[in-house]
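Presented below is the structure to which this report refers.
So that the names make sense, note that chain A is the first sequence line, chain B the second, and so on, each numbered from 1. Excluded from the calculations below are hydrogen atoms, water molecules and symmetry mates; all remaining heavy atoms, backbone and side chain alike, are included.
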Number of protein chains: 2
Amino acid sequence: MEKKIAVTALAALAQDNRLDVFRLLVQAGPEGMPAGAVAEALDLAPNTLTFHFDRLRTAGLVTARREGRSIIYAAQFAQMNALVAFLTENCCGGVLCAPAASCKPARKRAKEPA
Amino acid sequence: MEKKIAVTALAALAQDNRLDVFRLLVQAGPEGMPAGAVAEALDLAPNTLTFHFDRLRTAGLVTARREGRSIIYAAQFAQMNALVAFLTENCCGGVLCAPAASCKPARKRAKEPA
DNA sequence: TCCATATTTCAACGATTATCGAAATGTTGG
DNA sequence: CCAACATTTCGATAATCGTTGAAATATGGA
């Protein structure tokens with residue numbers, strides 16, 4: 001991960017409401033949840049929420065997809081893991097002294113067997 | 001770790017120069033290094049550096065101790081690990097799916113055997 | 001004590017940030 | 001097409017941030 005992206009990602013997480021948004025999406029899992037549901041859960045104005053989603057998206061921490069009238073936001077676990085790895089990679093004088101944490105959400109079955 | 005501290009720590013790391021400072025201290029190890037050495041290594045004005053050190057210290061990410069005329073700053077690995085743990089703890093719907101990364105700097109020998 | 005070194009404090013400044021209100025955009029169903 | 005819904009865009013505002021220059025504070029040595 002480039003340092004510039006790391007700073008952007010850290011800045012994206014370094015705000016009360018955005019940290020709440022991100023953690024909510026992390027808990028929601030890879031399927032994500034609609035912007036409106038996030039707005040209701042955290043009691044945030046929709047335009048304010050858009051502002052925060054933009055920050056998270058620019059940092060690569062969430063993705064957005066349209067589904068009907070809603071826009072579904074989902075956490076990007078890979079990016080979160082990359083950030084954690086970046087923070088710990090130079091730990092202990094450059095010697096890797098512990099594996100970086102990694103979070104792989106339960107794999108969605110490709111096809112539900114009949 | 002409390003959310004408030006997590007936000008403070010993330011904000012402390014979410015800035016170019018401070019991220020450089022912190023990583024330099026992480027590489028320097030638990031002994032730390034004098035403010036002046038950091039200033040020279042990163043080409044930062046001493047008063048600017050004091051500002052950044054304050055942020056990192058408030059976040060619990062570094063500690064300071066006086067040694068002669070110098071003030072030695074050192075990374076707080078425990079706090080860094082706590083932050084990483086906080087970021088990953090609610091991963092995967094609350095189910096802990098991976099151990100948080102942890103960085104324990106090599107233990108300093110209590111006494112060099114003669 | 002006086003001087004040089006190392007770092008911090010203070011006041012100021014332009015830049016960025018988070019939030020708000022109002023209006024615009026895209027989507028679905030009647 | 002029109003109305004209701006879901007979300008975004010735009011303009012404005014107060015608050016915070018990062019840097020600078022000048023002055024202050026501590027420490028150690030001559």
Presence of [X] side-chain N/O under 4.0 Å of [N] phosphate oxygens OP1/OP2:
X	N	result
A:Y73	D:dT8	yes
B:R55	D:dG18	yes
A:T48	C:dC20	yes
A:R66	C:dT27	yes
B:R18	D:dC17	no
A:Q15	C:dT19	yes

By nearest heavy atom, map A:A14 and B:R69 onto DNA chain C; which one lands nearer the 5' end? B:R69
Rounded interatomic separation in angstrom, taking [atom1] from [X] and [atom2] from [N]:
X	N	atom1	atom2	value
B:D20	D:dG18	CG	P	13 Å
A:R65	D:dA6	CZ	P	17 Å
B:I71	D:dT27	CD1	P	9 Å
A:L44	D:dA6	CG	C1'	16 Å
B:N47	D:dG21	CG	P	9 Å
A:L19	C:dT17	CG	C1'	17 Å
A:E67	C:dT27	CD	P	13 Å
A:I72	D:dA6	CD1	C1'	11 Å

Is there a donor and acceptor pair, one atom on the side chain of B:N17 and one on the base of D:dG18, closer than 3.5 Å? no
May I ask you to test the B:I71-B:F53 pair for a side-chain heavy-atom distance under 4.5 Å? no
Heavy atoms only, 4.0 Å cut-off, all strands: where does B:S70 land among base, sugar-phosphate and nothing? sugar-phosphate
Are A:D20 and B:K3 ion-paired here, with the side-chain N under 4.0 Å from a carboxylate O? yes
Looking only at heavy atoms, what is the nearest atom pair of [X] and [Y], with distance?
X	Y	answer
A:L25	A:Y73	CD2-O, 3.4 Å
B:A59	B:I5	O-CG2, 4.4 Å
B:E31	B:I72	O-CG2, 3.5 Å

Of A:L49 and B:H52, the one whose closest DNA chain D nucleotide lies more 5': A:L49
